[in-house]
K.L.:
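Following this message is one structure expressed as structure tokens.
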Amino acid sequence: MSTVTMSLSASDQMPYWRLVTLLTAVTLVMAGLSLAVGYARLDLFTALGDWISGRQTLPALVLVELRLPRAILGALVGFSLGLAGAAMQGLLRNPLAEPGIVGISSAAAFGAVTVFYSGFAGAFALALPLGGIAGALLAVLLLFALNGRGAGTMTLILAGVAINSFAGAMTSLALNLAPNPYAALEIVFWLMGSLADRSLIHVWLVLPLMLVGWALLLSCAPALDGLTLGEDTARSLGFDLTWLRLRLIGGAALAVGSAVAVTGAIGFVGLVVPHLLRPLVGHRPGRLLLVSGFGGAILLLAADTMLRLMPIRPELKLGVVTALIGAPFLFSLIQRLRREA
Amino acid sequence: MRIEANGIEIAFDGKPILAGIDLALRPGELVGLIGANGAGKTTLLRILADLLPLASGKVLYDGMPAKTLGRRMLAQRLAFLAQGGSVQWQMRAEAVVALGRLPHRRPFADLTEADKAAITSAFAATDASAFRDRSLGSLSGGERMRVLLARALAVEAEMLLADEPLVGLDPRHQLEAMALFRRIAAAGTGVVVVLHDLSLAGRFCDRLVLLDGGRVLADGPPAAVFEDDNLARAFGITVARGSRDGEDFVLPWQALNHGESN
């Protein structure tokens, strides 16, 4: 990842579609790597052959039940986080915004924790992600109600702060009142975020939601460009900001809410990736969207592959690894920005 | 495009900002909007650009309310240059000016030849072509203002509303900007500029609208608006008057003590 972007930084003027094509290719390569790496030795080609010809062999099962969902979810969740991060930074005109800034991630996490706590988690496979999606939906309804009453961007940020702290407090309460230490530990581990042990059912659950979310977010590109010069200028250029905020919140909720619902909270991807790629698209917020989506997918797949290659058991949680990579990276970025200023 | 504003009233937190404003703007006219700080100039300009909801009164564009005209059509026909000129991202000047073409473009379509021509001529008009490839952050305040003005010109609208477009410009570029506004107006565009420089306002504008405490105190040719009483009441100042090459000008001379203006 880092070598790729470093060599790109040199050619600031790379045409947009060539950049998108390159990032798509790198995403595919990373997904392939993610398929190839795992705890069980797996001959990828044998497994693929068995799967395609319908033979229920062990390699085919490992591929379809373990590796494939993990790689696909890594790409989907990373894309959602990167895209939503870029969109939120564009809407709020602030490089410190991240996908969860309006409270969607923590509300989704709270929804999932509620399912954990109530003991429904074991009832059926999708109870947990559905709980997460329900949590995100609640947050969105609240934000929509505010937006509908003509609330501005500042009100949405403040509402996000309120939702974040409320959902955080409720999550802590669930931990506080956990029936036993194991339940608490399970919740804590889930909150750290992971792609392990997910199945294709999870993919089918979130894929349609994410696709709609991505479409909504990507449709905002021209308006986000217009917003570069402030809200008055954006409106004078013919953009309806209430409708724009509605699409962005709805899109972020669908993409990020469902991402958190299946993987738990994975930080830093949505914050760091847009930063990293912004210079490559001439700092244009509209063009950053798609590019950040692919960047997020690459980063998350890389982190998830790396943690499986590390000789640490039990496996590190993905949210921990992205934070471990992301935080020092953000520091170096701040240093660089200070030198440029 | 004609803009007619009738019975404009607006208040923030119960404090009236504008009260009973009637104003008609015509194509081909360079109008200077002047008044002391807090007189309501920016608010009025934003209302004329359909950026603020009104408590009462109405604004008509060629006889139609903004809703009937449609958001996109209004954006194509009316360009607005905001005060201050904050730009969040370090985009290249060319990309910033290209934003002015957004109302004319289909979403996600590339720039057409007409778009490119409009961008190039906007850069030329504001003497900013040299900055085309520079990022906005690397420009001085005045240079950035010229790029932002070029952005508004690139819309190629029939009506240009500019809020303090001369802020940060050096004297030469202030004169050039005013001459540019006059040229645009002469070519048929309606231009309204909020100005603080009374000398420039008086010399270049066809018509001045003097706001005082949210009301129109005077509206007419500069010579009529720049009466001693009006200036004393609106600004609390006296002016020195002079003339050069047959053109009259005023120069703010002295602040009056409080109470003296009445």
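Here is how names work: the chains are called A, B, and so on, in the same order as the sequence lines, proteins then strands, and each is numbered from 1.
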K.L.:
Taking the side chain as every heavy atom from C-beta outward, state whether B:Trp89 and A:Arg278 have any atom pair closer than 4.5 Å.
P.N.:
yes
K.L.:
Looking at B:Leu99 and A:Leu237, what are the two nearest heavy atoms and their distance?
P.N.:
O-CD2, 3.6 Å
K.L.:
Taking all heavy atoms of B:Phe108 and all of A:Pro222, pick out the closest pair and write down the distance.
P.N.:
CZ-CD, 3.8 Å
K.L.:
Indicate the atoms forming the closest heavy-atom contact of A:Asp232 with B:Phe80, along with that distance.
P.N.:
CB-CE2, 3.9 Å
K.L.:
Might you point out which heavy atoms bring B:Asp50 and A:Arg235 nearest each other, and give the distance in Å?
P.N.:
O-NH2, 3.8 Å
K.L.:
Write down the atom of A:Arg284, the atom of B:Ala95, and the distance for their closest heavy-atom approach.
P.N.:
CD-CB, 4.1 Å
K.L.:
Chain A: which of B:Val155, B:Leu51, B:Leu52 shares the most heavy-atom pairs with it under 4.5 Å?
P.N.:
B:Leu51
K.L.:
Please state whether the side chain, the backbone, both or neither of A:Asn94 comes within less than 4.5 Å of a heavy atom of chain B.
P.N.:
backbone
K.L.:
If I compare all heavy atoms of B:Ala75 with all of A:Ser236, which pair ends up nearest, and what's the gap?
P.N.:
CB-O, 3.3 Å
K.L.:
If I measure from the heavy atoms of chain A, does B:Arg101 come under 4.5 Å with its side chain, its backbone, both, or neither?
P.N.:
neither
K.L.:
Is any side-chain heavy atom of A:Pro285 less than 4.5 Å from a side-chain heavy atom of B:Met91?
P.N.:
yes
K.L.:
Is it true that, when you exclude B:Met73 itself, more than 12 heavy atoms of the residues, nucleotides or ligands shown sit nearer than 6.0 Å to its CE?
P.N.:
no
K.L.:
Atom CZ of B:Arg71 and atom CH2 of A:Trp243: how far apart are they, to the nearest 0.5 Å?
P.N.:
12.0 Å
K.L.:
Go through the atoms of B:Arg151 and report whether side chain, backbone, both or neither lie under 4.5 Å from a heavy atom of chain A.
P.N.:
side chain
K.L.:
Taking atom CZ as the centre, does A:Phe331 end up with more than 12 heavy-atom neighbours from other residues, nucleotides or ligands that are less than 6.0 angstrom away?
P.N.:
no
K.L.:
Counting only non-hydrogen atoms closer than 4.5 Å, does A:Leu92 touch chain B with its backbone (N, CA, C, O), its side chain (CB onward), both, or neither?
P.N.:
neither
K.L.:
Pick from B:Leu78, B:Leu161, B:Leu102, B:Leu136: which one has the most heavy-atom pairs with chain A under 4.5 Å?
P.N.:
B:Leu102
